[in-house]
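The structure under discussion appears below in the form of structure tokens.
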Amino acid sequence: MVPLLDIKNLNLAVDGKPLVSDLSFAIAPGERLGLIGESGSGKSLTAMAATGLLPRAIKASGSVVLGGQQVIGAPDRVLNGLRGMVAAFVFQEPLTALDPLLRVAQQVAEPLQRRARRDGRELTGSLLNREVLALLEQVALPQPERIARSYPHEISGGQRQRVAIAMALACRPQLLIADEPTTALDVTTQAEILKLLDGLVRERGMALLFISHDLPVVAEIVERVVVMKRGIAVEAGPVREVFGAPQHDYTRSLVAAAKAFDDALEGTA
Amino acid sequence: MSAVVASARRSRSSLTLWLGLLLVGLHVAVALLTLVWLPYDPTALTGGRLAPPSLEHWAGTDRLGRDFFTQIMIGSRIALIVGISAVAIGGLIGVTLGVLAAFATRLLDDALAATLDILIAFPTLLIAMLVVAASDTASLGTAVLALGIALSAIVARLTRILAKRVLLMDYITAARTSGTSWLGIVFQHVLPNIWPTLSVNFALQFGLAVIAEASLSYLGLGAPPPNASWGRLLQEAQGTVYTAPIGAIAPGIALVSLVIGVNLLADGLRDIGDPTRRVSR
């Protein structure tokens, strides 16, 4: 099967200083891959590189093929067609992920309408309204009519993240890139959002690139992981193998840390 | 306008808005009135020279015996035209340059930013005077163009900084990942989000432009004599300020009330335009 996202020997550098070195991985349609590593290990940059959204100061080399199109060096005009159709983003910080001046309904309507236009149909009026509300319901928002009329600052962090997910889903992408989507949320909301993402990805057969520094969170939602440290992939493979029998010291320390945390919890229980 | 009034009624910050609306509304009403009716012919000698305020001449007469209140009224119209056109020119050039700089490559952005900083280092009035001096004749149009160009540097720098901050937000990246075009991002996200700050700045610029035009006219570089610019009225009143102080007081009050009114109006409108500052019920 042709992979949806195929990254080969990706190098990212700023002013000659390497940020990501010789990174390779691929995601097949419907596959769920986790990118795990500490802050500054190049996880998010890799995700940005996948859609050609790197800051200009960062130079990329190697090969990134998204939906059959080489991303590195491609002009924005070409990439704009890929973005949304092939891949969409969910970000870490739900407050800044929504435009503070637009009501929720308008934010969700924008990608819905664009997708409809690309499919060659016009989406307006009550039909658009219905689709917006349907999406808000799919991300399990309570009282979708009220939320649709709200501004981002009027709803909670977990609700904002659900709206952000609804916006990504509105693009109907083949690949959902979730960059630490639960990090800014409290633990119970985290679990809910994870369950929601898991369900939606399965239901729609989307591929998922899940980025996190949180090992238990990653283990819960993906099939394969790539462990990154300082811009280098130190280990990769199915979740069970990598976390069950870690080969690299760094992975071992991650697993040990997670285990120590679990033990501590059990000790107090 | 009714939407503005309705929101003003709902908003708690309505006092500034109402006061601003009142002052600016007064000037707008007077300016419109001058188009169809004036108490006296502005050039006709209708009374004694330097007559004090009376029932016939509310602000007295000038040293040629022309009705002073009529000239102040015409001054309102000129001030509004100058302020609006200067801000429109400055805003159009400034916002375009600022947005371009925010999106441009690093080299171009740095070059633009440095140029703007140099331009801003010159006082607005000085740039305006240079532009007027470079053109052959002093006219209202030249003065407005000069002020617009001088203001555009300030607007451009502000726009660039505001736009850059907005461009860092995740919702911009989200919009880009979902395939929104460059222009779509500018019009849908960047401009609306910088508008509250920009519009307040525009009001300040409007006030600056009105004052700067008065200064230019005071120096004889603004509207030539048949135009009753407040600055020119002030200049003419200079020699007779002790014998007929109304000649300086009346245009002074007119000038100050318009500038304060615009600033208050902008403050009030900002509170309405920004949903996070709106009082929710």
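What's counted below: heavy atoms across the whole structure, side chains too, no hydrogens, waters or symmetry copies. These figures come from a predicted structure and were not determined experimentally. Lettering of chains follows the sequences in order, A, B, ..., and the numbering in each one begins at 1.
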Less than 4.5 Å to any heavy atom of chain B: does that hold for the side chain of [X], its backbone, both, or neither?
X	answer
A:Arg118	side chain
A:Asp179	neither
A:Ala87	backbone

Assess whether side-chain contact (heavy atoms from CB on, under 4.5 Å) is satisfied between B:Thr173 and A:Phe91, documenting all intermediate values. CA-CA 9 Å; B:Thr173 320; A:Phe91 294 94; 3.6 Å; yes
In terms of heavy-atom pairs under 4.5 Å, which option from A:Met85, A:Gln106, A:Glu110, A:Met167 contacts chain B the most? A:Glu110
Pick from A:Asp99, A:Thr96, A:Leu82 with the largest number of heavy-atom pairs that fall under 4.5 Å of chain B: A:Asp99
At under 4.5 Å between heavy atoms, what parts of residues 183-193 of chain B are in contact with chain A? List them by residue number. B:Gln188, B:His189, B:Pro192, B:Asn193
Measure the [atom1]-[atom2] distance between [X] and [Y] for me, rounded to the nearest 0.5 Å.
X	Y	atom1	atom2	answer
B:Ser181	A:Arg83	OG	CZ	11.0 Å
A:Met48	B:Arg176	CE	CZ	8.0 Å
A:Arg114	B:Thr180	CZ	OG1	3.5 Å

Is it true that, when you exclude A:Arg146 itself, more than 12 heavy atoms of the residues, nucleotides or ligands shown sit nearer than 6.0 Å to its CZ? yes
Where do B:Tyr171 and A:Pro100 come nearest, in terms of heavy atoms and distance? CE2-CD, 3.4 Å
